[in-house]
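Numbers restart at 1 for each chain; the letters A, B, ... are given by sequence-line order, proteins then strands.
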Protein chains: 2
Amino acid sequence: MTTQLPKDRAPSIRDVARLAGVSYQTVSRVLNNHPSIRESTRARVTQVMEDIQYRPNRAARMLVTRHSRTIGVLSASSADYGPARSVVAIEDAARAAGYYVNIANLPASDQTSISEALEHLMEQAIEGLVVIAPQVRVFDVLERMSIDVPYVSFQPTGRFEHLVPADQVAGARMATRHLIDLGHREIIHLGGPQDWIEAEARMRGFLEEIDSAELNTNPPILGDWTAEFGYYAGQELLRSRDFTAVFAASDHMALGLIHAFRDAGLDIPHDVSVVGFDDIPDARHFWPPLTTIRQDFAEIGRSAVEVLLGKVRGEVIAEPGQILPELVVRGSTGRVPGVTATVTQA
Amino acid sequence: MTTQLPKDRAPSIRDVARLAGVSYQTVSRVLNNHPSIRESTRARVTQVMEDIQYRPNRAARMLVTRHSRTIGVLSASSADYGPARSVVAIEDAARAAGYYVNIANLPASDQTSISEALEHLMEQAIEGLVVIAPQVRVFDVLERMSIDVPYVSFQPTGRFEHLVPADQVAGARMATRHLIDLGHREIIHLGGPQDWIEAEARMRGFLEEIDSAELNTNPPILGDWTAEFGYYAGQELLRSRDFTAVFAASDHMALGLIHAFRDAGLDIPHDVSVVGFDDIPDARHFWPPLTTIRQDFAEIGRSAVEVLLGKVRGEVIAEPGQILPELVVRGSTGRVPGVTATVTQA
DNA sequence: GTCACACTTGTGACCGTTCACAAGTGCTGC
DNA sequence: GCAGCACTTGTGAACGGTCACAAGTGTGAC
């Protein structure tokens, strides 16, 4: 056979067709697993494809089908453990479902950054969007840019019916309840950044639980998730307030807090109890090992993809149940001296 | 004007042309910033594009130009701080350069996982590849699949001329030197997974420095980067060996080690000194604050993109200088009791 | 034998963009 | 007045797939 392959471009279905002695449409059918193809034909075509290392051209396919099989992820702080872990899970789940993932990070939370990132994703013709940086402003921009791809987020807001995988409020209530059960009465909340929906939810959970226990409500401090801020906040707290326990909205902030408290000569948990949130892998090796609320970030990511792809395909699926976080009691919390209380074990 | 837009498909360059009263080619020229376009024409076309929210179809463009403007990232452990931070930097840098990024995570390090991940990326028609999971096996698979896109990795290997951003060997030597300067003579290295090139480089640096100081060489322990393993290794070490210092190949492992040592009643750094590697943001808030080797993961990611895009564009650029890590001395290292030594300050 | 029908295969058009080439303008210089 | 040229614009074909439709097989029923 003198038929040979073009050397200046990748082989196409027409090349495969020629070598296999069939029409290009037959090759297309093999590619798409069309049912009515003679087994021998399929085998021959498949063989040729392997021989010449044929790879379908996604651009061509995309052009005609108008499906990119790509989902976008809009993410902030994705170097942090939680978001990073979720992103990995999203990629794995999407890949398993035959979808590609494109990520845009938010370098800042101003509207320009957000719309640039979204524009970048839209250029990719994404079919769905996971908002993993649930900043309130993102949704405004989404609406203003009249972006009409289906999307899911990690927290419910009044206006959006989109996904609610992890019940942040419940987690925050567990953490707070745990401290109350240990006899603490003056509890401070060190919250996350104000514009994060998750931060808001955790704060709300805290306030609800304090309320229902009819305790004194101390005004929360709003931080930025980092250990650095936790350290700073710890120093400030010691200067100005009376308290016996702190519920931090992230493990990192809890770590910084403990550092500040220890620098001031306080013993954890004897003098102050600290609860974190997330249960990052390091948390159990902190000193003292950190009591915290465990979130299954991987499961959250998987769930997000599942719901999103359902929407993309136009399926009517039941909203998934909320993923309940879990209280993990370790060494950073203890009873208030002189108070006998019932400790809730996880 | 009765010309109206099709409602079942997105507006195309021809729609824009019709509304602006020019040919589709003129619109294309506006899109590609062709120099010879009358300013008034350009303005008119641009206006129409905005009015009807025109977005170029990347698939069509890709099909004809044969450029995807997409780079791939093959990544392992990308929920860890270091890789995650680098990935974020890669995305930002690529986006700034007008490139899209596609990531494939390696769920495991067997050949099947690797080739599946690579296949996924190749389907996307990536123009370049960043290997952020520098496992030795990856390169074998790359060769065997006859993948001919340019790629960069984070570590040099004998066979590949590709990128060397961070000098892991030098970093490891600094860490080891620091311990030697403090008077330690029996130093153990807790290394990373054997098949990671980075782990190998850090171990090599350790051994070189021990050698040049003519100290007793203790066989390294090979772990998996995690705090969990560090904790386990710490327990094992205490059972079987004599040493006064440990150099761990990751901050996480260092954290676990310290936990194990403290559980055994040892004081850090009085009884044992520990050095980590990476300087994750939490490290300065560990107890004691961790002496470690700082790597600029963001810079490494940016540098990787810069070099890669240079290769993609066929430019002959000078190999970038190695990014030198930096010793950060904190509380987890101290002098060996009874020995007066010179402490190297960062 | 032939008709219906399922199974299998082939042909032309199209998706939205860029490329190669051609052609229309208007200005300058002689 | 017209050749020459730069500047600006337009026309046809292609990229590599899929879709809609048509047409060629072989089998069984009558």
Side-chain angles (χ1 to χ4, degrees), chain A residues 5-46 48-49 52-70 98 100 122-125 127, chain B residues 5-46 48-49 52-70 98 100 122-125 127:
Chain A
L5 291 172
K7 64 186 295 270
D8 57 334
R9 58 174 174 79
S12 77
I13 66 170
R14 286 173 160 90
D15 297 315
V16 175
R18 191 158 32 79
L19 292 173
V22 295
S23 75
Y24 55 81
Q25 178 62 304
T26 300
V27 178
S28 172
R29 289 200 178 93
V30 171
L31 278 176
N32 294 286
N33 294 316
H34 191 95
S36 64
I37 286 263
R38 203 192 314 266
E39 194 46 47
S40 63
T41 310
R42 179 196 308 281
R44 194 148 33 95
V45 171
T46 310
V48 172
M49 293 204 264
I52 66 175
Q53 293 222 43
Y54 166 79
R55 277 202 189 88
N57 182 319
R58 208 167 73 88
R61 184 177 279 175
M62 230 168 112
L63 181 58
V64 61
T65 62
R66 284 161 160 141
H67 288 308
S68 63
R69 294 192 78 82
T70 297
Y100 305 92
M122 291 310 291
E123 281 169 12
Q124 292 268 74
E127 294 181 41
Chain B
L5 292 171
K7 64 186 296 271
D8 57 335
R9 57 175 174 79
S12 80
I13 182 179
R14 286 179 157 87
D15 297 314
V16 175
R18 190 159 32 79
L19 292 174
V22 295
S23 75
Y24 55 82
Q25 176 63 303
T26 299
V27 178
S28 172
R29 290 201 178 93
V30 171
L31 278 176
N32 294 285
N33 294 316
H34 191 94
S36 63
I37 286 262
R38 202 193 313 265
E39 193 47 46
S40 63
T41 311
R42 179 196 308 282
R44 193 149 31 97
V45 171
T46 310
V48 172
M49 293 205 267
I52 67 175
Q53 294 221 42
Y54 166 79
R55 278 204 188 87
N57 182 319
R58 207 167 74 88
R61 185 176 277 179
M62 224 169 117
L63 181 58
V64 60
T65 62
R66 283 161 161 140
H67 288 307
S68 64
R69 293 191 79 80
T70 297
Y100 305 92
M122 291 310 291
E123 282 169 13
Q124 292 268 74
E127 295 182 40

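Between A/Ser28 and D/dT18, a side-chain N or O to OP1/OP2 separation shorter than 4.0 Å is present. Of the side-chain N and O atoms in B/Thr26, one or more sit less than 4.0 angstrom from OP1 or OP2 of D/dG10. Contact check, A/Thr41 against C/dT9: a side-chain N or O comes under 4.0 Å of OP1 or OP2.
Applying the side chain to side chain donor-acceptor pair (under 3.5 Å) definition to pairs two or more places apart or across chains, those involving residues 54-63 of chain A are A/Arg55-B/Glu119, A/Arg58-B/Gln124. The salt bridge (Lys or Arg N to Asp or Glu O under 4.0 Å) pairs that include a residue from residues 30-39 of chain A are A/Glu39-A/Arg42, where partners are two or more places apart or lie in different chains.
With hydrogens and angles disregarded, no donor-acceptor distance shorter than 3.5 Å links the side chain of B/Glu123 to the backbone of A/Pro56.
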Polar atom pairs (N or O), protein with nucleotides 20-23 of chain C, under 3.5 Å:
unit_1: C/dA20; atom_1: N6; unit_2: B/Gln25; atom_2: NE2; d: 2.9

Under 3.5 Å between N/O atoms: give me all the protein pairs with nucleotides 13-16 of chain D, atom names plus distance.
unit_1: D/dG16; atom_1: OP1; unit_2: B/Arg66; atom_2: NH2; d: 3.2
unit_1: D/dG16; atom_1: N2; unit_2: A/Ala60; atom_2: O; d: 3.4

Which donor-acceptor pairs under 3.5 Å do the side chains of residues 19-33 of chain A make with protein atoms, sequence neighbours left out?
unit_1: A/Ser23; atom_1: OG; unit_2: A/Gln25; atom_2: N; d: 3.4
unit_1: A/Ser23; atom_1: OG; unit_2: A/Thr26; atom_2: N; d: 3.4
unit_1: A/Ser23; atom_1: OG; unit_2: A/Thr26; atom_2: OG1; d: 3.3
unit_1: A/Asn32; atom_1: ND2; unit_2: A/Ser28; atom_2: O; d: 2.8

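The stretch residues 32-39 of chain A touches DNA chain C through A/Ser36, A/Ile37, A/Arg38, each having a heavy atom within less than 4.0 Å of the strand.
Across the protein-nucleic acid pair, A/His67 atom NE2 and D/dC19 atom C1' stand 13 Å apart, rounded to whole Å.
For A/Asp15 against A/Ala10, the heavy-atom pair with the smallest separation is OD2-O, 4.2 Å. The shortest heavy-atom contact between B/Ala59 and A/Met62 is CB-CB, 3.6 Å. Counting all heavy atoms, side chain and backbone alike, A/Ala60 lies closest to B/Leu63 at CB-CD1, 3.6 Å.
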